[in-house]
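What you are looking at is a predicted structure, and each value in this text was computed from that prediction instead of being measured.
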Amino acid sequence: MSISPSHSKISFSPDTRKAGFTLIELLTVVAIILVLAGITFGITRGVQNAQARAKAKAELMVIQSALEQFKLRNGDYPWAAGNPGNVDDNGERLLLALSGFMKFDTSSSTVKFRVKNEDEVPSSGPNAFIDLTKVTMNSSANNLPSSPGDAPTGFRFVDPWGNPYVYRYKESAADNWDNFGYVLYSTGPDGNDQAVDDRGLIDNDLRKKANNIDNIYAGE
């Protein structure tokens, strides 16, 4: 009688443990993503801010050039609505003046700076001192008057942050304006400024005010 040896079979089952991230590893990955996102956002924001400041400087140069042409033809810069006056009102008068819709009226003993009457403006439009396509306005060009001889109302030059460029100058020839010329600047990203006083002077103390630190001045 033969006895066949018994063979024991040993089976190996695969490891049932699943590979994966631990909680610490997940938190580490999330932290790295947040750090990289923050760096990317900071760089992007910095680039956008630099581009906006460059655009503001370029537009200020365009306005500045137009102001010099205005003075060359009229003998003085556009008089402001008031000093410091209302920024929006001054901005509207500045656009009207550089678009050719304002004039110095010397018909009386007191010189006035006023908007031209309809009969003083050619139907083809006045001789402008500025190319409006090179600056930004607070509204679309599609909203401008249909007739080039009609003065636009409510329009102002605005900076890349949507705020009117600040223009200051004397209101009349008799004003005690101590600045050699006008004052023109953007209020910067914060949109705030501490207004220039009636004399038009901007000293270092005024520039260092919290609301003025990010201002962008014409010619600088």
Side-chain angles (χ1 to χ4, degrees), residues 38-68 70-71 76-99 102 113 129-130 132 134-141 143 152-220:
I39 293 174
T40 302
F41 176 77
I43 293 175
T44 302
R45 186 174 182 179
V47 170
Q48 291 175 340
N49 187 53
Q51 291 175 338
R53 292 185 70 86
K55 181 179 180 181
K57 290 181 179 180
E59 292 189 337
L60 285 170
M61 287 181 63
V62 172
I63 298 173
Q64 191 174 20
S65 176
L67 283 167
E68 295 304 326
F70 184 94
K71 182 182 180 182
D76 201 356
Y77 299 113
W79 290 350
N83 307 301
N86 181 280
V87 175
D88 289 344
D89 190 35
N90 283 355
E92 185 174 354
R93 288 168 65 89
L94 176 64
L95 188 145
L96 285 172
L98 298 186
S99 298
M102 296 193 72
F113 186 60
F129 301 89
I130 192 169
L132 295 179
K134 294 183 178 180
V135 288
T136 305
M137 295 184 290
N138 61 319
S139 189
S140 169
N143 295 329
T153 58
F155 282 82
R156 305 169 188 89
F157 302 123
V158 295
D159 63 20
W161 298 277
N163 302 306
Y165 286 109
V166 179
Y167 176 72
R168 308 288 190 205
Y169 194 51
K170 59 187 178 184
E171 187 176 7
S172 70
D175 273 359
N176 183 27
W177 185 259
D178 294 336
N179 195 319
F180 177 74
Y182 56 83
V183 177
L184 177 67
Y185 60 92
S186 161
T187 55
D190 67 2
N192 298 315
D193 74 319
Q194 183 165 334
V196 180
D197 61 20
D198 291 350
R199 298 167 58 198
L201 298 179
I202 305 179
D203 55 25
N204 289 331
D205 289 337
L206 184 62
R207 288 174 180 262
K208 293 178 182 178
K209 298 292 184 181
N211 289 340
N212 292 342
I213 292 177
D214 64 340
N215 290 357
I216 305 168
Y217 297 91
E220 297 184 358

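- Separation of atoms CZ (Phe113) and CZ (Arg93) is listed at 6.5 Å; rounding is to 0.5 Å.
- Annotation: side chain of Arg168 is in contact with side chain of Asn90 (closest heavy-atom distance under 4.5 Å).
- Taking both residues in full, the closest heavy atoms of Ile130 and Ala66 are given as CB-CB, 3.8 Å, listed atom of the first, atom of the second, then distance.
- Between Tyr165 and Lys55, the shortest heavy-atom contact is OH-O, 4.5 Å.
- Here Lys134 contributes atom NZ and Met61 contributes atom CE; the two are 11.0 Å apart, rounded to the nearest 0.5 Å.
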Side chain to side chain contact (heavy atoms under 4.5 Å, CB included) assessment of Thr187 paired with Asp193: CA-CA 6 Å; Thr187 55; Asp193 74 319; 3.8 Å; yes

Lys208 vs Ile213, side chain to side chain contact (heavy atoms under 4.5 Å, CB included): CA-CA, chis, key distance, verdict: CA-CA 6 Å; Lys208 293 178 182 178; Ile213 292 177; 5.7 Å; no

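- Counting heavy atoms from C-beta on, the side chains of Val196 and Leu201 never come closer than 4.5 Å.
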CA sep, side-chain torsions, deciding dist, call: Leu98, Phe70, side chain to side chain contact (heavy atoms under 4.5 Å, CB included): CA-CA 7 Å; Leu98 298 186; Phe70 184 94; 4.2 Å; yes

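- At least one donor-acceptor pair closer than 3.5 Å links the side chain of Asp203 to the backbone N or O of Leu206.
- Taking the six-membered ring where tryptophan is involved, the planes of Tyr217 and Tyr185 are tilted, since the angle between them lies from 30° to 60°.
- Considering only heavy atoms from C-beta on, Tyr77 comes within 4.5 Å of Glu68 through its side chain.
- Annotation: side chain of Thr136 is in contact with side chain of Glu59 (closest heavy-atom distance under 4.5 Å).
- With hydrogens and angles ignored, the 3.5 Å screen pairs a side-chain donor or acceptor of Asn212 with a backbone N or O of Gln194.
- You'll find the side chain of Val135 reaches within 4.5 Å of the side chain of Phe157, heavy atoms only.
- For the pair Asp76/Lys170, a side-chain contact is recorded, criterion being any heavy-atom separation below 4.5 Å from C-beta on.
- Heavy-atom minimum distance, Trp161 versus Ala52: CZ2-CB, 3.5 Å.
- With respect to the salt-bridge test (charged N to carboxylate O, under 4.0 angstrom), the residues Arg53 and Asp214 do not qualify.
- Remark: Leu95 CG to Asn138 CG distance equals 8.0 Å, nearest 0.5 Å.
- At least one donor-acceptor pair under 3.5 Å links the side chain of Asn179 to the backbone N or O of Gly200.
- A perpendicular orientation is assigned to the rings of Trp177 and Tyr169, their planes being inclined by more than 60° (bins at 30° and 60°).
- Here the side chains of Ser186 and Asn215 are not in contact, with every heavy-atom distance at 4.5 Å or above.
- Distance check: Ser99 OG to Met137 CE gives 7.5 Å after rounding to the nearest 0.5 Å.
- Using a distance-only test at 3.5 Å, with no hydrogens or angles considered, a donor-acceptor pair links the side chain of Glu92 to the main chain of Gly154.
- Contact record, Asp190 with Asn211: OD2-O, 3.8 Å, taken as the closest heavy-atom pair.
- Of the residues Ile216, Leu67, Val166, the one that meets the side-chain contact (heavy atoms from CB on, under 4.5 Å) test with Leu184 is Leu67.
- In terms of heavy atoms, Asn163 sits closest to Gly188 at ND2-O, 4.0 Å.
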